[in-house]
Enquirer: 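Handing you this structure, nothing more for now.
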Amino acid sequence: DGGITQSPKYLFRKEGQNVTLSCEQNLNHDAMYWYRQDPGQGLRLIYYSQIVNDFQKGDIAEGYSVSREKKESFPLTVTSAQKNPTAFYLCASRRDSGNQPQHFGDGTRLSIL
Amino acid sequence: KQEVTQIPAALSVPEGENLVLNCSFTDSAIYNLQWFRQDPGKGLTSLLLIQSSQREQTSGRLNASLDKSSGRSTLYIAASQPGDSATYLCAVNEDSGNTPLVFGKGTRLSVIA
């Protein structure tokens, strides 16, 4: 079945540690997105990539980094500079032609130890 | 800057009732609008996508309408069931490319048996 796989489902970070969240899609979608979801705040865009080897900052990129070396993969690193990383992280993808729905993974919940 | 608003933030209805969820957006120059469902601790599932040239889309007990000129969309759920309990989000796509969707904060629906 085609879809988006996020791993791990739960992740714990120690102070000063960088952690990487995985996002893989087998939908052959061009664009991929990372969102952060906090209670009562809705979805906030962290980074997005419309093509391999290119990505753009979203609304809350500080303390995060990404790479897009392959079309199927868009990992997100939460760096130690992100002082409040506890949240639910969602990865999404979409085909590069107008009227196509956006698909989401099942999310990774990150907590501070 | 496009803003998407969903009112109310939460709604509780008895089973069997027909209900309407509202979504409004500030800039009517949209390419399409998408409705999503999110269950607790899960990713978003696409329900319906309405193109800017369309007035409505239907899927089973769900009907979504779009009035671009007034900046409004509604999601109608017929004969609601406890399994419909979830958060419903709408998002607008402002162009035919892969610029990020603009999301509302969602309406949390509870259907009481």
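Since the model is a prediction, treat every value here as computed from it, not as a measurement. Chain naming here is simple, since letters A, B, ... match the order of the sequence lines and numbering starts at 1 in each.
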Enquirer: For B:Pro100, does its backbone N or O pair with a side-chain atom of A:Arg94 as donor and acceptor, under 3.5 Å?
Expert: no

Enquirer: State whether the number of non-hydrogen atoms from other residues, nucleotides or ligands found under 6.0 Å of A:Arg13 atom CZ is greater than 12.
Expert: yes

Enquirer: From B:Phe103 CZ over to A:Tyr35 OH, what is the distance, rounded to the nearest 0.5 angstrom?
Expert: 4.5 Å

Enquirer: How about CZ on B:Arg55, more than 12 heavy atoms from neighbouring residues, nucleotides or ligands closer than 6.0 Å, or not?
Expert: no

Enquirer: If you round to the nearest 0.5 Å, how far is CZ of A:Phe88 from CD of B:Gln38?
Expert: 6.5 Å

Enquirer: Considering residues, nucleotides and ligands other than B:Ile112, do more than 12 of their heavy atoms fall under 6.0 Å from its CD1?
Expert: yes

Enquirer: Let me know if B:Gln34 has heavy atoms under 4.5 Å from chain A in its side chain, its backbone, both or neither.
Expert: side chain

Enquirer: Could you tell me whether the side chain of A:Gln102 and the main chain of B:Leu101 form a donor-acceptor pair under 3.5 Å?
Expert: no

Enquirer: Where on A:Arg109 is there a heavy atom nearer than 4.5 Å to chain B: the side chain, the backbone, both, or neither?
Expert: side chain

Enquirer: Let me see the working for B:Tyr31 and A:Asn99 under side chain to side chain contact (heavy atoms under 4.5 Å, CB included), right down to the final yes or no.
Expert: CA-CA 8 Å; B:Tyr31 193 74; A:Asn99 285 307; 3.6 Å; yes

Enquirer: Kindly compute the distance separating CD (A:Gln37) from OG1 (B:Thr87), expressed to the nearest 0.5 Å.
Expert: 8.0 Å

Enquirer: Quick check: are there more than 12 heavy atoms from other residues, nucleotides or ligands sitting under 6.0 Å from NZ of B:Lys42?
Expert: no

